[in-house]
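Okay, structure first, notes after.
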Amino acid sequence: MPSVRPITPTEHRDHLASLPSASFLQTPGWAQVKSEWRSESLGWFDDSGKQRGAALVLYRKLPKLNRFLAYLPEGPVIDWDSDCLRDWLDPMVAHLKRQGAFAVRIGPPVVTRRWTAAQVKEGVADPDVKLLGQVPPEERSAAGARVVAQLHDLGWRHQAAEGGFAAGQPQYVFQVPLRHPDGTARTEDEVLKGMNQLWRRNIKKAAKEGVEVSAGTRDDLKAFHDLYVHTAERDHFTPRPLPYFEVMWDALNADAPDRLKLWLGRHQGDLVAATLAVRVGEHYWYSYGASSTEKREVRGSNAVQWAMIQDALASGCAVYDLRGITDTLDSDDSHVGLIQFKVGTGGEAVEYAGEWDLPINRALYKAFQIYLARR
Amino acid sequence: MSLTLTVDGPRWRAHLEDVARTHPGLVPVAKGNGYGFTLGRLARKTQWLADREHDVTTLAVGTYDELPEVASRWRGDVLVLTPWRPFVEPVDPALARRVVHTVSRYDDLRALLAAEPEARLVLEHATSMRRHGMTGRELWDAGALLRKHPGARVEGVALHLPLQQGSHLGEVNRILTSTVAADAGLTTAWVSHLTDAELKSLSASWPDFTFRPRIGTSLWLGDRGALKVTATVLDVHPVERGDVFGYRGRTAPKSGHVLVVSGGTAHGIGLEAPTGDQSVKARAATLARGGLDAIGFVRSPYSIEGKQRLFAEPPHMQASMLFVPQGARVPEVGDQVDVRVRYTATTFDRIVVEG
């Protein structure tokens, strides 16, 4: 049974570097991005002293009390294939309890179901289908089911994200596989052929119109941010301030060079689209995006997406991840447009095990849930 | 001269077809006394449903001993609900291909695959009933074993849910997750005691799974109005208060008539079976009946003109004696009187399907 103790950011970084990939929310750099919470890096060690796992814990303080929700977004990074998850989770929970946690929330980075783009498309077209879960999945993962079954048995509670995005990390995401099932890399041509006609046409059009996409530097974050604030006004969401992205740049790129990249799409000198991409090992995420309202016809957004996919392929990545979708396939729902955009890439909808809570102090946990419900 | 079950044929068959139509994949259950109809008749009726092109491919029996009763009257598959054990005698080779075994222990799975590598089977998962079935972990082990026996014919996972009030959905979802975790390609779930709403909800959230609802009582006995049980009045004797009668030399408490009617212990009449009703009222009623038994007459399941009559003495093997007090209308020899029975505990002399 592995033991758990706090580790240094260096130990944390070195362990992640030994793995094919991990969520960027579990990197030591992410702790600096989420500086409003106390954080801690944890390591799992076997009897011979070899490190077997790592986690980034964010401690979210309860108002007025010196008690915390210990939150491990998309983590911990442990052997989720284990048939004995108790051995991994028990020492972690014991440690977090000593740190003053009244509850623990984890997000096992474990896939439970997958649907092809064609299946999602059919689901949207079918008036009887309202939810992704009503479409027979291409695959149900036995490994994922084992994690879910074990967490149930161990007293963890699934936090259902009903209707749209819940507060936590999305349970459903859209990903473009960059490798064949046999593990060989797909070519640019193969990925392009997997896209729907609209995407292919838009990528071609951007090239024809002369949209030029290039990787930016830290100094270009200001230009990205200006466009992002513009997008926020247009699309009615609250933008984050520029320093948030500067901290993200510094922290993530200190963990590994080029972990956070900025992509800028320009047309005749005008910035028409800009995105942020994160890469950890073989996993490449499209993280933030911005686009101009002018010159939409030059298809800058498709151009930067394609540049990121090409970059992911060139870096030897296994997955290009477009992040969250909701599980609604109801064509009357406003979220469905987002799914349709992502489905155009020809990838697959992926369900993860979701977020799970383990109450340690039941009374406080209950109070916390009531507080969340009223928020 | 007999205890008779009279069935309103058109109404009963319409009900059977209605259940089959609204429950695709229906697995009729015919076990024990055949819910009063006999196993043979239920097997024929199942064949009739299949012939009418309802989605009925499998009939469930309770035990291996019941197989011969149904096998010649029904051409499809037969699921045996009692879990297979190593001491079960091999099935008649002529039937082996049609029989689906229920396997509820990992060791039994290994033994069955060794004894009959071609055996068809379902894996039973334990439920809150805690009767038969494997735990989730055992199912994973079973899955690992089955992956080494690609020739095994596993037809799904089976679960037997309690009759409880409240939702079964959480439990079934967890069991299906365990089934996926077993990684044995199981995508059929044989279930019982789910409401129609629960079945609908499960089919929506597990669209790649097939659900096979096993239904007995609500299929065969679901429309009680189509069924009528009657006994024949065999003899009528006027008695005065104090007259002695019967095997036990009892005396009449007041003047009236003693009736001899068909139906006795051989049919299951007068045998007290637990009703399953656990309310305080029901238990008090049982106590009251016991008290009545000690001092006098016990209420019988026979009713004459809508009024339940008392047993004049405990039922005999094939007939019962009732007491009808002075003033009530007295039926004549040959008349029919109504009897209320538990179908699963009654053997009828005659079953008449009208129409």
Side-chain angles (χ1 to χ4, degrees), chain A residues 80-87 108 110-116 119-120 122-124 126-162 171-172 327-330 349 351-354 356, chain B residues 24-25 106 123-128 130 133-150 154 156-157 159 167-189 197-211:
Chain A
W80 288 100
D81 282 339
S82 169
D83 277 359
C84 208
L85 286 179
R86 175 192 289 273
D87 287 354
V110 173
V111 172
T112 46
R113 285 185 283 183
R114 292 177 197 277
W115 294 263
T116 64
Q119 287 174 320
V120 176
E122 279 168 32
V124 174
D126 186 339
D128 289 337
V129 171
K130 303 286 181 205
L131 294 169
L132 189 55
Q134 290 173 275
V135 179
E138 173 79 359
E139 184 206 336
R140 275 189 201 268
S141 158
R146 286 187 181 206
V147 169
V148 168
Q150 290 189 77
L151 290 176
H152 262 301
D153 288 349
L154 295 173
W156 292 77
R157 301 173 184 187
H158 183 235
Q159 301 305 300
E162 277 171 24
Q171 182 167 0
Y172 298 90
D327 66 341
T328 178
L329 294 187
D330 189 343
E351 181 198 49
Y352 280 90
W356 294 72
Chain B
Y106 175 82
L123 297 175
E124 181 157 10
H125 195 293
T127 66
S128 50
R130 295 188 186 280
M134 297 183 216
T135 62
R137 289 289 175 138
E138 285 174 294
L139 203 68
W140 301 4
D141 293 340
L145 184 64
L146 288 167
R147 289 197 293 280
K148 290 182 209 144
H149 285 85
V154 188
V157 68
L159 37 134
S167 175
H168 289 111
L169 285 181
E171 180 162 16
V172 178
N173 276 314
R174 281 198 291 282
I175 289 171
L176 293 179
T177 300
S178 280
T179 306
V180 175
D183 199 12
L186 302 174
T187 53
T188 300
E198 286 171 335
L199 265 177
K200 197 173 164 208
S201 162
L202 286 167
S203 304
S205 53
W206 297 82
D208 47 335
F209 270 64
T210 305
F211 290 89

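Atoms considered below: every heavy atom in the structure, side chains included; atoms not considered: hydrogens, waters and symmetry mates. Everything numeric here is computed off the predicted structure, so don't read it as measured data. Labels below follow one simple rule: chain letters A, B, ... track the order of the sequence lines, proteins then strands, and each chain is numbered from 1.
Of the atoms belonging to S205(B), it is backbone heavy atoms, and not side-chain ones, that fall under 4.5 Å from chain A. Looking at S141(A), only its backbone comes within 4.5 Å of chain B, counting heavy atoms on both sides. For D153(A), no part sits under 4.5 Å from any heavy atom of chain B, backbone or side chain. Contacts between V135(A) and chain B at a heavy-atom distance below 4.5 Å involve the backbone alone (N, CA, C, O).
Classification of the Y172(A)-W115(A) ring pair by plane angle, with boundaries at 30° and 60°, yields tilted.
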Quiz prompt | CA sep, side-chain torsions, deciding dist, call: Y352(A), Q171(A), side chain to side chain donor-acceptor pair (under 3.5 Å) | solution = CA-CA 5 Å; Y352(A) 280 90; Q171(A) 182 167 0; over 6 Å; no
Quiz prompt | Intermediate values then yes/no, side chain to side chain donor-acceptor pair (under 3.5 Å), E198(B) and S201(B) | solution = CA-CA 5 Å; E198(B) 286 171 335; S201(B) 162; over 6 Å; no
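A pairwise comparison of heavy atoms in P136(A) and P207(B) identifies N-CG, 3.5 Å as the closest pair.
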